[in-house]
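Structure record follows, encoded as structure tokens.
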There are 2 protein chains.
Amino acid sequence: MGKRNTIQRQLVIAAVRTLENHPTAEEVYNCIVTEYPDISKGTVYRNLNSLVETGLLNKVAVPNGADRFDHILARHYHIECTNCGAFSDVDTEYLEDIDLKIANSTKYKMDNHDIVFRGVCPKCQEILKQQGH
Amino acid sequence: MGKRNTIQRQLVIAAVRTLENHPTAEEVYNCIVTEYPDISKGTVYRNLNSLVETGLLNKVAVPNGADRFDHILARHYHIECTNCGAFSDVDTEYLEDIDLKIANSTKYKMDNHDIVFRGVCPKCQEILKQQGH
DNA sequence: TTCTAATTAAGAATGATTATCCGAAAGAGG
DNA sequence: CCTCTTTCGGATAATCATTCTTAATTAGAA
């Protein structure tokens, strides 16, 4: 009973920490497979989810895209570039008050909320400008 | 050039309006197929997406679940019950100001944002209470 | 060292969605 | 009305992300 600390498990969490920017399971797999070619994709998925359960990683469910895994555990928001798809953290405090507000109006026992912002990142703004608007 | 107003297209939009509570493509298909058995699932998907493009429907991308289609066009938020999975509208005004705030801090050209709240719905709170705790 | 439950690799299976194919039907123009 | 062009529909194959299955392997307790 309990979780076994396998090599694969160590490689998975190390990869998420190395890749930093919320890698997808696919990206984690690609990272590991270069130095440990025997790992299988199912193992990566299983370990990612088990690490989320244990509380060592966060899962970010991205609408219309693969799930992403985050080694930053504090609650925070994300922003997605509508042009290049880049997916980044937003550095703002968590809005506790809107949970309270919604709890009152909906009578739900509120847990938390996610916000995904969407817009064009600075880099893509440049590129689009050069292509003539 | 231009969209043809086919029977299938009419059935799709009518079904979304009848079903009201952001049906999935599957639910729309099931609704239509009872009175028009020849319709194919691909056609439902194609028309749903085309209606979204035209601006007659909204698509709600649900994390870890099938996309949902909404005939209410005003921007609004959603809340998901962590117990039964119910997915509902939240009746609150759109928070314009946080887009501005994030635009300033990230230098993104902001488009919009989605908020998904999570908590236990009143119905499930009752059920959980009766089961002790 | 031995034992056993947890974990693995490989690949099949799943669920949601999109792509492909080809024939049908609708609108434009004669 | 008759063609021509284009869009659209139905059937089904393909894709993508993910989970499941199976038999073999392994970590860690005894």
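Lettering follows sequence order; numbering is per chain, from 1.
Ranked by how close their nearest DNA chain D nucleotide is to the 5' end, B:Gly42 and B:Gln8 are led by B:Gln8. Nearer to the 5' terminus of DNA chain C, by closest-nucleotide assignment, is the contact made by A:Ser40 (compared with the other of A:Ser40 and B:Gly65).
Between the CG atom of B:Leu48 and the C1' atom of C:dA16 there is a distance of 13 Å, rounded to whole Å. Atom OH in A:Tyr29 sits about 16 Å away from atom C1' in D:dT19, given to the nearest Å. Note: CD1 (B:Ile32) to C1' (D:dG10) measures 14 Å, nearest angstrom. What separates CD of A:Gln10 from P of D:dT26 is a distance of 15 Å, to the nearest Å. In this entry the distance linking CG of A:Leu11 with P of D:dT26 reads 15 Å, nearest Å. Per the geometry, CD1 belonging to B:Ile39 stands 11 Å off P belonging to D:dA11, to the nearest Å. The CG atom of B:Asn47 sits 14 Å away from the C1' atom of C:dT18 (whole-angstrom rounding). The CG-P distance, from A:Asn30 to D:dA17, rounds to 11 Å in whole Å.
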Give each protein N/O atom lying under 3.5 Å from an N/O atom of nucleotides 27-30 of chain D, with the pair distance.
| unit_1 | atom_1 | unit_2 | atom_2 | d |
| --- | --- | --- | --- | --- |
| D:dA27 | O4' | A:Arg4 | NE | 3.1 |
| D:dA27 | O4' | A:Arg4 | NH2 | 3.4 |
| D:dG28 | OP1 | A:Asn5 | N | 3.1 |

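Between C:dA9, C:dT18, D:dG10, one nucleotide has an atom nearer to the side chain of B:Lys59 than all others, and that is C:dT18. The side chain of A:Thr43 lies closest to C:dT8, out of C:dT18, D:dG10, C:dT8. When distances are taken from the side chain of B:Tyr36 to each of C:dA9, D:dG10, D:dT18, the shortest belongs to D:dG10.
Within a 6.0 Å sphere centred on CG of B:Asp91, other residues, nucleotides and ligands contribute 12 heavy atoms or fewer. In the displayed structure, A:Leu73 atom CG is contacted under 6.0 Å by more than 12 heavy atoms of other residues, nucleotides or ligands.
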Which atom pairs, donor and acceptor, lie under 3.5 Å between side-chain atoms of residues 30-37 of chain B and protein residues at least two apart or in another chain?
| unit_1 | atom_1 | unit_2 | atom_2 | d |
| --- | --- | --- | --- | --- |
| B:Asn30 | ND2 | B:Glu26 | O | 3.3 |
| B:Thr34 | OG1 | B:Cys31 | O | 3.0 |
| B:Tyr36 | OH | B:Gln8 | NE2 | 3.4 |

Under 3.5 Å, side-chain donor or acceptor atoms of residues 80-88 of chain B against the rest of the protein: list the pairs with distances, not counting sequence neighbours.
| unit_1 | atom_1 | unit_2 | atom_2 | d |
| --- | --- | --- | --- | --- |
| B:Thr82 | OG1 | B:Gly119 | O | 3.4 |

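Between B:Asn58 and B:Arg75 the shortest side-chain heavy-atom distance does not fall below 4.5 Å.
Phosphate contact (OP1/OP2 of D:dT19, side-chain N/O of A:Tyr45, threshold under 4.0 Å): absent. In terms of phosphate contacts, B:Arg46 brings no side-chain nitrogen or oxygen within less than 4.0 Å of OP1 or OP2 of D:dC8.
A salt bridge links A:Glu93 to B:Lys101: one of the charged nitrogens lies within less than 4.0 Å of a carboxylate oxygen. In summary, A:Arg118 and B:Asp111 do not engage in a salt bridge, as defined by a charged side-chain N under 4.0 Å from a carboxylate O.
Contacts of A:Glu26 with the nucleic acid, taken as non-hydrogen atoms under 4.0 Å apart, are absent.
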